[in-house]
*Asks:* 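Structure below; questions to follow.
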Amino acid sequence: MVSARELELRLIDALEPVALQCPEGRFDWDTSTVIADFDVGLASRCQAAASSAGDEFVPEVFNTFKAIAKGASRGVGPAGGVRAALQAYVAAARQGDNSVEGWLADYLNDCDQALLVETMHRSATWLHRTAAVLGVEDFDRFSPGRRLAWDYPDRGLRLKGAVDFIEDDTNVAVIVLPSLDDAHLDRVALIAVLYLLTVKSAPPVVRIVVHSTGESIERPIAGLADRAAAATVLTADAVAARGAGPDGLHRSASFFTCRGCEWADTCEVKQASEARQPQVRQGIRLG
Amino acid sequence: MIAVSTAAELSQITPAVDHPRASDVGDLRDWLTDELGEVTSGWDRPGGLLGITKRRVQNALRCPASIRAEVEDQPMNEAMAVGMMVDAAASLLLMSDQLPGRAPWLGPILSVLRVSAPEMAEFVDRHRPDAKDDLRTQVEDMCEQLRLLLGDLRAYDGTAQESFRVQLQAPGVQLSGRTDLVLGTTHRSIIEVKSGRFRSHVQDELGFYALLAALRDDSAPVAVAAVTLDDTAINAYPVTHDLLEAAAQRVIDAAAVLVEVDRASVAGAWPKTDPGPLCAWCAAAPRCPDVADVSLAEFEAHRHDVDLIDMDEEEPW
């Protein structure tokens with residue numbers, strides 16, 4: 001079993017080349033580099049997208065439904081199902097309940113009815129699948145979410161992420177994924193390592209819940225450390241290239257990677273993808 | 001068949017006498033794995049899992065060459081837009097407390113599509129005002145039919161646009177799909193929404209979904225149903241062992257075709273073809289050697305005898 005300190009030393013060693021490019025001293029919001037688990041997932045798919053400055057964070061369907069689902073999770077139980085829990089949560093948010101974060105409450109108050117319902121059905125589906133894969137009828141044994149952050153010593157480099165749930169009895173972190181691919185696993189690796197670094201008494205495993213396949217898997221955190229470091233370096237390279245254009249960065253086109261990417265209009269990889277190249281689709285060659 | 005007047009009634013359905021047990025599903029998985037192993041053995045694959053979706057099964061068994069359409073440009077069209085809009089409406093109806101009343105649908109749906117499928121929203125926005133009015137009328141009518149056929153879902157929990165993936169590692173095959181609606185938790189019913197009419201291929205699609213759900217969860221859904229708007233119908237079926245076995249056999253047959261399509265590509269040849277009215281929908285038809293000699297206009301005349309449009313794509317993320 002690897003201790004949190006051992007894991008931290010491994011991470012410090014692996015990230016040294018990245019850290020040396022960051023300003024000396026303690027973390028500072030204005031000058032430091034922040035690498036979030038979302039960036040890691042994005043860079044794993046397309047470094048260019050992760051290097052794009054992107055737009056300022058604007059709450060919309062895709063970046064709110066999980067937060068809403070997790071917020072409503074404690075309301076799922078014998079008294080009411082997922083639908084009732086979500087409705088109660090949204091009603092509370094609209095009435096100024098302090099337990100709902102301000103940005104989320106603003107979204108729930110301001111978005112039009114159709115988008116609210118669209119967000120809600122995604123939240124409902126997410127909660128249903130999470131409960132089904134965990135094999136539970138309610139979330140009484142789980143605490144929703146926890147934000148995690150770790151700063152590289154004496155350098156302006158911060159890694160951050162969040163677990164979806166923590167199982168109360170065991171302190172095991174639960175990370176929920178739509179599917180289990182390399183990019184998602186890179187994200188999981190970072191989050192798992194951050195969890196162990198932040199919660200020193202954390203158990204040595206994380207639970208990964210996969211909606212599309214119905215898998216619920218325990219993975220040792222120590223076994224994810226190298227993956228987390230490599231994925232973070234890949235992401236840091238992308239972040240360091242911000243403003244310099246996508247040349248030399250790994251690229252891959254998809255709805256989510258290209259959405260909001262400042263290079264999308266001129267990206268040859270995206271153009272090739274739209275021209276239906278390469279001609280291997282889902283495991284067979286076509287033409 | 002199960003007689004229901006609304007899809008919501010399926011939430012009350014209990015398993016049929018011959019509903020497959022978990023052990024039956026396990027046996028089916030073993031058989032399917034073995035059969036797919038036979039199909040893929042000795043195949044020099046390009047890497048990755050052989051992907052099988054309901055659309056691939058459908059196309060492979062109709063005309064192997066139609067699989068080539070996957071690498072052709074598929075310009076958006078009205079039927080795709082309508083199909084996507086009724087799917088969006090079904091998702092909204094699952095959760096809304098306000099929309100189940102007569103509602104102006106096009107605006108709310110476009111509001112959703114601008115976020116989830118911006119290209120489709122732009123396609124609709126590009127319509128001339130009169131054409132957009134026609135589309136509005138069509139969508140409003142269909143959504144009203146949909147609302148009536150689904151019934152009041154507010155008492156039931158369920159999912160919309162749920163993704164299913166089943167990986168069979170030994171033969172290197174992945175089955176995947178996305179359902180429009182799944183109602184219920186203990187006894188689940190899968191509901192497919194179609195803008196067109198009920199046809200035999202829709203029944204096959206329902207079987208594919210039942211198979212996916214059974215294999216993924218080691219538990220078969222209780223029922224599958226198609227809500228078809230052009231003929232204002234609900235066709236619901238209990239999930240039985242025979243239904244699952246037939247769906248599995250179609251997957252095996254489709255896998256064999258897909259391997260042959262790959263082999264033809266490697267040999268620089270065109271896959272086997274089966275020209276007919278469906279060519280009017282096929283993006284590969286303009287380059288298909290067996291269609292080139294036949295006027296596509298002949299097929300165009302029968303274009304609306306078939307309805308195949310379904311936006312069941314892989315999840316992008």
Side-chain angles (χ1 to χ4, degrees), chain A residues 41-42 45 60-62 76 80-87 111-129 131-133 137 178-181 183-184 210-215 254-259 274-287, chain B residues 45-53 56 67-68 70-73 88 91-99 107-112 115-118 154-167 172-174 176 182 185 216-218 258-259 261-262 265-266 287 314-317:
Chain A
L42 190 57
R45 291 173 194 278
E60 39 96 319
V61 173
F62 293 113
V76 179
V82 165
R83 167 192 285 272
L86 284 167
Q87 283 168 341
C111 77
D112 78 31
Q113 183 64 20
L115 284 178
L116 177 63
V117 177
E118 175 73 9
T119 309
M120 295 271 278
H121 90 67
R122 289 175 187 274
S123 300
T125 299
W126 191 90
L127 264 181
H128 261 297
R129 284 304 296 149
V133 180
E137 292 182 352
S179 59
L180 191 58
D181 57 21
H184 282 126
V210 189
H211 280 177
S212 60
T213 61
E215 294 166 283
S254 73
F255 176 76
F256 274 95
T257 52
C258 300
R259 196 171 71 123
E274 286 168 352
R276 302 261 158 185
Q277 300 289 342
Q279 300 199 336
V280 175
R281 286 281 184 277
Q282 296 190 68
I284 59 171
R285 288 155 284 212
L286 294 169
Chain B
R45 63 170 73 214
L49 299 172
L50 172 62
I52 298 187
T53 61
R56 272 198 161 178
I67 298 296
R68 295 279 292 259
E70 292 179 16
V71 288
E72 300 290 343
D73 279 339
S91 299
L92 294 178
L93 281 166
L94 179 68
M95 279 306 291
S96 177
D97 273 342
Q98 297 187 8
L99 290 175
I109 289 172
L110 283 177
S111 169
V112 169
V115 176
S116 60
R154 285 175 289 181
Y156 311 109
D157 273 331
T159 66
Q161 302 297 315
E162 182 177 334
S163 289
F164 291 75
R165 285 188 192 185
V166 175
Q167 293 185 351
V173 173
Q174 174 172 277
S176 64
V182 179
T185 48
R216 187 190 71 178
D217 301 333
D218 294 321
L258 293 168
V259 169
V261 170
D262 178 77
S265 295
V266 171
R287 293 204 295 130
E314 288 291 281
E315 61 182 5
W317 189 235

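Just so it is clear, the model here is predicted, and its values are computed rather than measured. Computed from heavy atoms alone, side chains included, the values below leave out hydrogens, waters and symmetry copies. So you know, we letter chains A, B, ... as the sequences are listed, proteins then strands, and number each from 1.
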*Asks:* Can you find a pair of side-chain heavy atoms, one from Q87(A) and one from R154(B), that are under 4.5 Å apart?
*Replies:* no
*Asks:* At a heavy-atom distance under 4.5 Å, which candidate from G48(B), A88(B), S116(B) has the highest pair count against chain A?
*Replies:*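 With the most close heavy-atom pairs to chain A, the winner is S116(B).
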*Asks:* Considering only heavy atoms, which portion of L49(B) lies under 4.5 Å from any heavy atom of chain A: side chain, backbone, both, or neither?
*Replies:*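 Contact with chain A is through the backbone of L49(B) alone.
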*Asks:* Taking all non-hydrogen atoms of both residues, which atom of D157(B) and which atom of G81(A) are closest, and how far apart?
*Replies:*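 Between these two residues, the closest heavy atoms are OD2-CA, 3.2 Å.
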*Asks:* Treating R83(A) as the side-chain partner and A155(B) as the backbone partner, does any N or O pair qualify as donor plus acceptor under 3.5 Å?
*Replies:* no
*Asks:* Taking all non-hydrogen atoms of both residues into account, name the closest pair between I284(A) and L258(B) and its distance.
*Replies:*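 Minimum heavy-atom separation between I284(A) and L258(B): CG2-O, 3.7 Å.
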*Asks:* Could you pull out the closest heavy-atom pair between R56(B) and R281(A), with the gap in Å?
*Replies:*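 Answer, listing the atom of R56(B) first, then R281(A): NH2-O, 2.8 Å.
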*Asks:* If you look at every heavy atom in V112(B) and L115(A), which pair is closest and at what distance?
*Replies:*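 Of all heavy-atom pairs spanning V112(B) and L115(A), the closest is CA-CD2, 3.9 Å.
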*Asks:* Can you tell me how far the OG1 atom of T159(B) sits from the CG atom of L127(A), to the nearest 0.5 Å?
*Replies:*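 The distance works out to 12.0 Å.
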*Asks:* Counting only non-hydrogen atoms closer than 4.5 Å, does L116(A) touch chain B with its backbone (N, CA, C, O), its side chain (CB onward), both, or neither?
*Replies:* neither
*Asks:* Any non-hydrogen side-chain atom of H128(A) less than 4.5 Å from a side-chain atom of V182(B)?
*Replies:* no
*Asks:* Find the one option among E118(A), R129(A), E60(A) whose heavy-atom pairs under 4.5 Å with chain B are most numerous.
*Replies:* R129(A)
*Asks:* Checking the side chain of S265(B) only, and the main-chain atoms of R285(A) only, is there a donor and an acceptor separated by less than 3.5 Å?
*Replies:* yes
*Asks:* Report the C-alpha separation of T185(B) and V82(A) in whole Å, then their side-chain angles, then the decisive distance to 0.1 Å, and conclude whether the side chain to side chain contact (heavy atoms under 4.5 Å, CB included) test is met.
*Replies:* CA-CA 11 Å; T185(B) 48; V82(A) 165; over 6 Å; no
*Asks:* So, taking the atom named CG in L86(A) and the one named CE in M95(B), what distance separates them when rounded to the nearest 0.5 Å?
*Replies:* 5.0 Å
*Asks:* So do the side chains of T125(A) and Q161(B) get within less than 4.5 Å of each other, counting heavy atoms only?
*Replies:*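 Contact flag for T125(A)/Q161(B) side chains = no.
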*Asks:* What part of V166(B) is in contact with chain A, defined as an atom under 4.5 angstrom from a non-hydrogen atom: side chain, backbone, both or neither?
*Replies:*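 No part of it gets close to chain A.
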*Asks:* Between atom OG1 of T213(A) and atom CZ of R165(B), what is the distance when rounded to the nearest 0.5 Å?
*Replies:*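 T213(A) OG1 to R165(B) CZ: 8.5 Å, rounded to 0.5 Å.
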*Asks:* H121(A) and A160(B): which non-hydrogen atoms are nearest, and at how many Å?
*Replies:* ND1-CB, 3.5 Å
*Asks:* How long is the span from the OG atom in S212(A) to the CD atom in Q174(B), to the nearest 0.5 Å?
*Replies:* 7.5 Å
